[in-house]
Amino acid sequence: MSAESTPGPGIPEPAETAPRRRGKGRRRKSPRSGRALLVTAWTAAGVVVLGGAGAGFLYFKMNGNLRSVDINQALGDDRPTKIDNGSENILVLGSDTRSGKNKKLGGGTDDGSARSDTAMIVHVYQGHKKASVVSVPRDTLIDRPACTDTEGTTHAAASGVMFNSAYSTGGAACAVKTVESLTGIRMDHYLEVDFSGFQQLIDDLGGVRVTTTKDIDDPQSHLKLKAGPHTLGGEQALGLVRTRHGVGDGSDLGRIQLQQAFIKALIDQVKHVGVFSSPKKLYDLADTATKAVTTDSDLGSVSDLYGFAKGLQGIGSSHLKMVTMPVRYDPANPNRVLLEKNKAHLVWDALRNDRPIPASATKDTATGEARGVLS
């Protein structure tokens, strides 16, 4: 499956041709990220909260699992002003790395590189009782700003390029720089997640219950589900959040709709898992979740992640509004989308001022055709 295309209805995906670079971080391992997106990141934070009162051994073991990147040092002071109103903005990123266990799960070849496969901007409102999530389609054509990566290499600006090129060009720091340039909002934190960690996390949880309203059959993501209720194990869940050809119009926008519905189901599932009654389950979840995420340096320890997670644990799916960044299909290339700038400004202004995203911001924009397929 290509990470470089968002086909419109009936349009096949082009083959990958561009070279790709691996993201960079403080520890020189391949980035552990992927299409699990907010799912694994949110769960990692929640599990760390549960594990915060555990034994010292658990603390140090989980601390050693975490990887972090120093976004602040790479980007310096040329960033939007931090909004000091009690809210927080987090960029949650997945990439299509095929390294290690992710090669088997993601398919394709391990060429020592990665692109950002999915991006979500999470805005946690003042009081930390509710949040909005804005999915950024990876195939949006944008003007990418010049940026410096975490190893000090400067990358030139580029016009009319794919949003996901920011990560492949300069890793996490350039992805953050691009999102901040696009939105005018400073990202307070950064989280990455990966294929293998996501699959293991779902298995550790005992699966996630969902209901499909239509049959899904996608040989590319190895997912085949009849309409009806299911308890999805890790492999099926990974197939679901990756599928684009098995349902709807075959676009990445449709896949985003499935991902958003699955995230809500997973958040509800985590809240009902009895980890306190099972020390082994608690350990397995915490071990998997902390291995699956890469954070910014401000969240690079269990104690830091614990404090961050305390601010998220009260936000359930009913207090989580999920939208897709306002876009339209590019008339010159239906495999690409263009930002609806006026409508996007409504989204960014709402988040900047800690207000709900107005319905008018996403009305009559491209959304895909998979809404309601997963409940």
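We're numbering straight along the sequence, starting at 1.
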query: For Y190 and T294, does a side-chain donor sit closer than 3.5 Å to a side-chain acceptor?
result: no
task: Could you list the residues that satisfy salt bridge (Lys or Arg N to Asp or Glu O under 4.0 Å) with D143, not counting sequence neighbours?
output: none
- prompt: Quick one: ring-ring contact (aromatic ring centres under 6.0 Å, His included) partners of H189, sequence neighbours excluded?
  reply: F308
- request: For T365 and T362, indicate whether the former's side chain and the latter's backbone hold a donor-acceptor pair under 3.5 Å.
  value: yes
- prompt: What are the two closest heavy atoms between G372 and T213, and how far apart are they?
  reply: O-OG1, 2.8 Å
query: Just by distance, with hydrogens left out, do D70 and T150 show a side-chain donor and acceptor under 3.5 Å apart?
result: no
field: Sequence neighbours excluded, every pair satisfying disulfide (SG to SG under 2.5 Å) that has a member inside residues 215-252
entry: none
message: We want to know whether N72 and D296 form a side-chain donor-acceptor pair, criterion being a heavy-atom distance below 3.5 angstrom.
response: no
message: Show the nearest heavy-atom pair for residues D203 and G234, with the distance to one decimal.
response: OD1-N, 2.7 Å
task: Tell me yes or no: between the side chains of S135 and Q260, is some donor less than 3.5 Å from an acceptor?
output: yes
Heavy-atom closest contact (T212 atom, L225 atom, distance): CG2-CD1, 4.2 Å
Could you list the donor-acceptor pairs under 3.5 angstrom formed by side chains in residues 173-182, with sequence neighbours left out?
{"unit_1": "K177", "atom_1": "NZ", "unit_2": "D78", "atom_2": "O", "d": "2.8"}
{"unit_1": "K177", "atom_1": "NZ", "unit_2": "D78", "atom_2": "OD2", "d": "3.3"}
{"unit_1": "T178", "atom_1": "OG1", "unit_2": "C174", "atom_2": "O", "d": "2.8"}
{"unit_1": "E180", "atom_1": "OE1", "unit_2": "R79", "atom_2": "NE", "d": "3.1"}
{"unit_1": "E180", "atom_1": "OE2", "unit_2": "R79", "atom_2": "NE", "d": "3.3"}
{"unit_1": "E180", "atom_1": "OE2", "unit_2": "R79", "atom_2": "NH2", "d": "2.6"}
{"unit_1": "E180", "atom_1": "OE2", "unit_2": "M187", "atom_2": "N", "d": "2.9"}

- prompt: Is it true that atom NZ of K82 has more than 12 heavy atoms of other residues, nucleotides or ligands lying nearer than 6.0 Å?
  reply: yes
statement: Smallest heavy-atom separation, A350 atom then P356 atom, equals CB-O, 3.5 Å
field: Minimal non-hydrogen separation, A119 against L91, with atom names
entry: CB-CD1, 4.3 Å
- prompt: Sequence neighbours excluded, which residues qualify as salt bridge (Lys or Arg N to Asp or Glu O under 4.0 Å) partners of D298?
  reply: none
- prompt: What closest approach, in Å, do R355 and Y125 show between heavy atoms, and which atom pair accounts for it?
  reply: O-OH, 3.0 Å
- request: For residues 311-330, pull every pair meeting salt bridge (charged side-chain N to carboxylate O under 4.0 Å, His left out), keeping only residues two or more places apart or in separate chains.
  value: R328-E340
- prompt: Looking at L223, D217, V373, which one forms a side chain to side chain contact (heavy atoms under 4.5 Å, CB included) with T243?
  reply: L223
